[in-house]
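Data block below; observations after.
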Amino acid sequence: MSSTALESLKASIEQIILDPKYRDVLAIVKGARNGAVYGAKVRFPHALVMMLLFRSGTLREKAKLIFRATKTHALNLAKFATIYKTVCYLLKYYGTSPGKEGPYDSFFAGLLGGYVVFGQRSRKGKISSVSQQIVIYVFARVVLALARLAVKPGYGFPGVSEPNNSTAISHYAWPVFAAVSWASVMHLFRWHDAELQSSLRSSMVYIYKDSDTWDGLRNFIWHNK
């Protein structure tokens, strides 16, 4: 194909993607693309470190696990973005107020996407560890955001959201939250470690249990075991 033909094809494609009437549909496509790229960027370095440090097995086996975790994370975010943006689009144009976004469209779109993508079990009845990590990450951020909203003047609960009370609570809430969180996770790790998420448990075993054992300078400083 000649350079002139390529330029003509490029111009035709750009004309389509810049046409306002295709904007919402193309936003779904780009949402899927961005979800996949972001998922791969986030998961690959995390999986690489976790597999190399805390997983036993050959290099080939570890590489397969890294690829599988990266692929799962990327596909999950791509599928969720596709479902979410598609449902938002449908509710906007075919909902109770056609052409106008409803106040709860994003909630219902997220509800469906979360159930379809992250709420399913495997054929063996297990929940993907990658899905668990993503959902727990999101849940933690939701709880923090709701806690801030609860004391936000004009939006939060009566009493605690008054300016003076809000300032005091906001100042002391984080150290209390941090202390209780770490107290809870250390208690669970000590007495009910099987209930903790596997990657968290592995890292805590490395730090807190493996540090109790050594038989010489080699595995006291340079090596763990």
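Between the CZ atom of R68 and the OG atom of S128 there is a distance of 10.0 Å, given to the nearest 0.5 Å. Interatomic distance, S202 OG to M51 CE, rounded to the nearest 0.5 Å: 9.5 Å. In this structure, CE on M204 lies 12.0 Å from CD on Q197, to the nearest 0.5 angstrom.
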Taking only distance into account, with no hydrogens and no angle test, what donor-acceptor pairs under 3.5 Å do side-chain atoms of residues 85-114 form with protein atoms, sequence neighbours excluded?
unit_1 : atom_1 : unit_2 : atom_2 : d
T86    : OG1    : T82    : O      : 2.6
Y93    : OH     : D24    : OD2    : 2.7
D105   : OD2    : G102   : N      : 2.8

Distance-only check: which donor-acceptor pairs under 3.5 Å involve side-chain atoms of residues 148-165, not counting sequence neighbours?
unit_1 : atom_1 : unit_2 : atom_2 : d
S161   : OG     : F157   : O      : 2.6
N165   : ND2    : G159   : O      : 2.8

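Side-chain heavy atoms closer than 4.5 Å link hydrophobic residues (I, L, V, M, F, W, Y) into clusters, and following such links, even through other members, never connects V135 to I127. Hydrophobic clustering places L196 together with L53 (ILVMFWY residues linked when any side-chain heavy atoms are closer than 4.5 Å, directly or through intermediates). Residue L52 is grouped with residue L65 when hydrophobic side chains (ILVMFWY) are merged at heavy-atom distances under 4.5 angstrom, including chains of intermediate members. I83 is connected to V130 through a chain of hydrophobic side-chain contacts under 4.5 Å among Ile, Leu, Val, Met, Phe, Trp and Tyr, so both are in one cluster. When hydrophobic clusters are built by joining Ile, Leu, Val, Met, Phe, Trp and Tyr residues whose side-chain heavy atoms come closer than 4.5 Å, directly or via intermediates, Y38 is grouped together with F80.
H46 has its side chain out of reach of H73: every pair of non-hydrogen atoms, C-beta onward, lies at least 4.5 Å apart. Contact check for F118 versus Q132: no side-chain heavy atoms found under the 4.5 Å cut-off. In this structure, K209 and F189 have side chains that are in contact, with non-hydrogen atoms separated by less than 4.5 Å. When side chains are defined from C-beta on, L200 counts as touching V185, because their heavy atoms get closer than 4.5 Å. In this structure, the side chains of K71 and R43 stay at 4.5 Å or more apart for every pair of heavy atoms.
Taking the ring pair (Phe, Tyr, Trp, His ring centres under 6.0 Å) definition, one finds that F54 meets it with Y206, sequence neighbours left out. With sequence neighbours excluded, no residue satisfies side-chain contact (heavy atoms from CB on, under 4.5 Å) with L18. Partners of H192 under the side-chain contact (heavy atoms from CB on, under 4.5 Å) rule, at least two apart in sequence or in another chain, are L188, E195.
The minimum heavy-atom distance linking S211 with I207 is given by the pair OG-O, 2.7 Å. Taking each heavy atom of D193 and R201 in turn, the nearest pair found is O-CD, 3.1 Å. Nearest heavy atoms, K62 versus R55: CE-O, 2.9 Å. Closest approach of P45 and A40 over heavy atoms only: CD-O, 4.2 Å. The two residues G31 and A81 have their closest heavy-atom pair at O-CB, 3.3 Å. Looking at every heavy atom in both residues, L26 comes nearest to I17 through CD1-CA, 3.3 Å.
Within the 3.5 Å criterion, the main-chain N or O of D210 finds no donor-acceptor partner in the side chain of K225.
Annotation: Q15, atom CD; neighbour count of heavy atoms from other residues, nucleotides and ligands within 6.0 Å does not exceed 12. Few gaps surround CG on L217; more than 12 heavy atoms of other groups in view lie less than 6.0 Å from it.
Residue F177 is found in a hydrophobic cluster whose other members, listed by chain and number, are L144, W174; membership requires side-chain heavy atoms under 4.5 Å apart, directly or through intermediates.
Checking N76, T70, L75 one by one against T72, the side-chain contact (heavy atoms from CB on, under 4.5 Å) holds for a single residue, N76.
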